[in-house]
**Student:** 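One structure coming up, written as structure tokens, with questions to follow.
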2 protein chains.
Amino acid sequence: MNGSHEGTGQAAPRRRSDARRNERALLDAAAAVFVTSGVEAPVRDIAARAGVGVATIYRHFPTRAELIIAVYRHQVEACAEAGPALLASTTPHAALGRWINLFVDFLVTKHGLAAVLRSDEAGFDTLHAYFVERLVPVCAQLLDAAAAAGEIRSDVDAYELMRGVGNLCIGADHDPRYDARRLVELLIAGMRVPR
Amino acid sequence: MNGSHEGTGQAAPRRRSDARRNERALLDAAAAVFVTSGVEAPVRDIAARAGVGVATIYRHFPTRAELIIAVYRHQVEACAEAGPALLASTTPHAALGRWINLFVDFLVTKHGLAAVLRSDEAGFDTLHAYFVERLVPVCAQLLDAAAAAGEIRSDVDAYELMRGVGNLCIGADHDPRYDARRLVELLIAGMRVPR
DNA sequence: TTGCCAACCGGAACCGGGTTCCGTATTGTT
DNA sequence: AACAATACGGAACCCGGTTCCGGTTGGCAA
């Protein structure tokens, strides 16, 4: 970890100062635009906000999806790390429930992120893969613990559960009649062992 | 109802024969293309397959979404009508479960339909509205019956449930690791009254 | 049959939105 | 001060939905 933002500890070959400055500006601009216009905001808007040409985005992030990953890396990381912490602090079942709630809160507060996670357009498989890689193992750990404690059925797959929860969060904003959290609760309730 | 395909009984003012022929061709072509390439197939493909110009599509269906509605109207109708029938033939809870399965099977077998149902792009709100109008009341009826029989919690909203189920079906094709049906079952299980 | 006009049609054109290209500007090093 | 290497901006390109326009055709009336 050297102040840059990549997960693998590659030795970054020292880039030019303006390059670093622009990358920073882009991440900030993207974060701001995502909050106001949603994750699906046009690339040009982000470039404009950062006071930068469009190509600069693609020079730093091979695709729109990678920019999104970069913007949310911290939070995904935090969520992943919260898993084991929760597991150490309560019963497995409660830990699982709280962790899922963390994930749901994260998704629901990022306009359009859940939808884009499931988009099958070229490039977004990277985004999907990143979330899966980082979060599914954590979920599996919580799931295993709860199953071992006999609190939930043992035939629930972590990947499937994460995808299901993610799907339930799609479009949870701009529709007051739809509360993703409630449905996720139902889903979790459905996992309890019968009796 | 005069042989055409609109739900409201407007007296269609007798169109020219080629117009009728082309509409037929378009519906057939669209159905075929949807099966092979999914619901998100380009409009141009459908026009080509029907041996027709793109504008002809828009002359018959104000937007892509309306074409999709027209193609699936029969099946949605059938699903809606199956609700009361099921209710008359078994216990409310079983009827609800089977009806939801019907709906899930419908969505899962139409590549991309569930996703497009949730797309917030302009024009697709019509599609969403149609599904809601036609199916939510049926679901509400089943839900009420099951709740009245004390088989499920009574705080589940029909609209919310339908949206949740629809969401769970997104991307259920081309991913063998994800089985929407299983998750829907969990969701339904979560609705049973505690105890 | 022929002629006429409204109804219809095909494809080119237009409008975003993501991605790439290319000539130019900046950095930092000697 | 001068020169590479590195970055940059914006125009250009591709693709998909939607609209426009000049030509065609179906059906009716003479």
Side-chain angles (χ1 to χ4, degrees), chain A residues 4 12-27 29-30 33-34 37-71 111-112 115-116 119-128, chain B residues 4 12-27 29-30 33-34 37-71 111-112 115-116 119-128:
Chain A
S4 189
R14 180 139 195 88
R15 295 162 311 159
R16 255 168 54 173
S17 60
D18 53 351
R20 275 189 309 251
R21 184 152 19 89
N22 278 334
E23 176 164 330
R24 195 69 181 253
L26 275 172
L27 283 172
V33 170
F34 288 169
S37 308
V39 175
E40 326 193 67
V43 181
R44 286 165 173 87
D45 289 6
I46 299 168
R49 168 102 186 205
V52 144
V54 266
T56 299
I57 292 191
Y58 289 93
R59 227 166 277 118
H60 287 287
F61 309 97
T63 173
R64 238 178 72 82
E66 305 267 6
L67 173 59
I68 298 178
I69 294 182
V71 167
H111 302 331
V116 104
S119 163
D120 48 4
E121 297 179 40
F124 284 100
D125 41 353
T126 317
L127 186 57
H128 183 249
Chain B
S4 191
R14 179 137 196 93
R15 296 163 310 158
R16 252 167 57 169
S17 60
D18 52 350
R20 275 189 309 249
R21 183 154 19 90
N22 277 335
E23 176 165 331
R24 194 81 193 235
L26 275 172
L27 284 172
V33 170
F34 288 171
S37 309
V39 174
E40 326 193 64
V43 181
R44 285 164 173 88
D45 289 6
I46 300 169
R49 168 102 185 205
V52 144
V54 266
T56 299
I57 292 191
Y58 289 93
R59 229 166 276 119
H60 287 287
F61 310 96
T63 173
R64 237 177 72 82
E66 305 267 5
L67 173 59
I68 297 177
I69 295 181
V71 166
H111 302 331
V116 106
S119 165
D120 46 4
E121 296 177 40
F124 284 99
D125 40 354
T126 317
L127 186 56
H128 183 249

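Proteins come first, then strands; the chains are lettered A, B, ... in the order of their sequence lines, and each starts at number 1. As the structure is a computational prediction, the values presented were derived from the model and not from experiment.
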**Student:** Can you figure out which of D:dC8, D:dT18, C:dG10 approaches the side chain of B:Y58 most closely?
**Tutor:** D:dT18

**Student:** Among C:dC8, D:dA12, C:dC9, which nucleotide sits nearest the side chain of B:H60?
**Tutor:**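 For the B:H60 side chain, the nearest candidate turns out to be C:dC9.
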
**Student:** Would you say A:H111 and A:V39 make side-chain contact, with heavy atoms under 4.5 Å?
**Tutor:**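 Side chain of A:H111 against side chain of A:V39, heavy atoms only: no contact under 4.5 Å found.
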
**Student:** Rounded to whole Å, how long is the line connecting atom CG of B:D45 with atom P of D:dC15?
**Tutor:** 12 Å

**Student:** Are B:L67 and B:I46 packed together at the side-chain level, in the sense that at least one heavy-atom pair is separated by less than 4.5 angstrom?
**Tutor:** yes

**Student:** When you check the phosphate oxygens OP1 and OP2 of D:dT18, does a side-chain N or O of B:T63 lie under 4.0 Å from one of them?
**Tutor:** yes

**Student:** Send over the distance from A:I46 CD1 to D:dG9 P, rounded to a whole Å.
**Tutor:** 15 Å

**Student:** Output the single nucleotide from C:dT27, D:dA7, C:dG18 whose closest atom is nearest the side chain of A:A19.
**Tutor:** D:dA7

**Student:** Given atom CZ of A:R20 and atom C1' of D:dC8, what is their separation to the nearest angstrom?
**Tutor:**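 Value for this atom pair: 16 Å.
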
**Student:** To the side chain of A:R64, which of D:dG17, C:dG18, D:dC8 is closest?
**Tutor:**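 Closest nucleotide among those given: C:dG18.
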
**Student:** Between A:S37 and A:F34, is there a donor-acceptor pair closer than 3.5 Å when you use the side chain of the first and the backbone of the second?
**Tutor:** no

**Student:** Would B:V43 and B:F61 count as a side chain to side chain contact (heavy atoms under 4.5 Å, CB included) if you check the C-alpha gap in whole Å, the side-chain angles of each, and the deciding distance to 0.1 Å?
**Tutor:** CA-CA 12 Å; B:V43 181; B:F61 310 96; over 6 Å; no

**Student:** How close or far is atom P of C:dA6 from atom CG of B:D18, stated in whole angstroms?
**Tutor:**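 In whole Å, C:dA6 P lies 17 Å from B:D18 CG.
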
**Student:** Nearest to the side chain of B:T56, which nucleotide is it out of C:dA12, C:dG10, D:dA5?
**Tutor:** C:dG10

**Student:** Would you mind reading off the distance between A:L67 atom CG and C:dG17 atom C1', rounded to a whole angstrom?
**Tutor:** 15 Å

**Student:** Any chance you could encode DNA chain C as dot-bracket? Rule is Watson-Crick or G-U wobble with both distances under 3.5 Å; [ ] for pairs crossing earlier ones, | for another strand.
**Tutor:** ||||||||||||||||||||||||||||||

**Student:** What nucleotide, of C:dG17, C:dT20, C:dC9, holds the atom closest to the side chain of A:A55?
**Tutor:**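 The closest nucleotide is C:dT20.
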
**Student:** When you measure from the side chain of A:S17, which nucleotide among D:dG26, D:dG17, C:dT27 comes out closest?
**Tutor:** C:dT27

**Student:** When rounded to the nearest 0.5 angstrom, what is the spacing between NE2 in B:H60 and CG in B:L27?
**Tutor:**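 Rounded to the nearest 0.5 Å, the NE2-CG separation comes out at 9.5 Å.
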
**Student:** Among C:dA7, D:dA7, C:dT19, which nucleotide has an atom closest to any side-chain atom of A:R15?
**Tutor:** D:dA7

**Student:** Going through the distances and angles, do B:T56 and B:E23 end up as a side chain to side chain contact (heavy atoms under 4.5 Å, CB included)?
**Tutor:** CA-CA 9 Å; B:T56 299; B:E23 176 165 331; over 6 Å; no

**Student:** How many Å lie between CD on B:E23 and C1' on C:dC9, as a whole number?
**Tutor:** 15 Å

**Student:** Mind checking if B:A41 touches a base, just sugar-phosphate, or nothing, with heavy atoms under 4.0 Å?
**Tutor:** sugar-phosphate

**Student:** Kindly say whether A:R15 contributes a backbone atom to a donor-acceptor pair with the side chain of A:R20 at under 3.5 angstrom?
**Tutor:** yes

**Student:** Please state how far atom CZ in A:R14 lies from atom P in C:dT29, giving the value in whole angstrom units.
**Tutor:**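 Roughly 9 Å, once rounded to whole Å.
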
**Student:** Please report, rounded to the nearest Å, how far the P atom of C:dG10 is from the CD1 atom of B:I57.
**Tutor:**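 B:I57 atom CD1 is separated from C:dG10 atom P by 10 Å.
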
**Student:** Return the 5'-most residue of the pair B:R16, A:G53 with respect to DNA chain D, ranking by each residue's nearest nucleotide.
**Tutor:** A:G53

**Student:** By nearest heavy atom, map B:R59 and B:E121 onto DNA chain D; which one lands nearer the 5' end?
**Tutor:** B:E121

**Student:** Within the 4.5 Å heavy-atom criterion, are A:F124 and A:I68 side-chain neighbours or not?
**Tutor:** yes

**Student:** Counting only side-chain N and O atoms of A:N22, is one of them less than 4.0 Å from OP1 or OP2 of D:dC8?
**Tutor:** yes

**Student:** At 4.0 Å (heavy atoms only), tell me whether A:V54 reaches a base, stays on the sugar-phosphate, or touches nothing.
**Tutor:**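 Base, at least one base heavy atom under 4.0 Å.
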
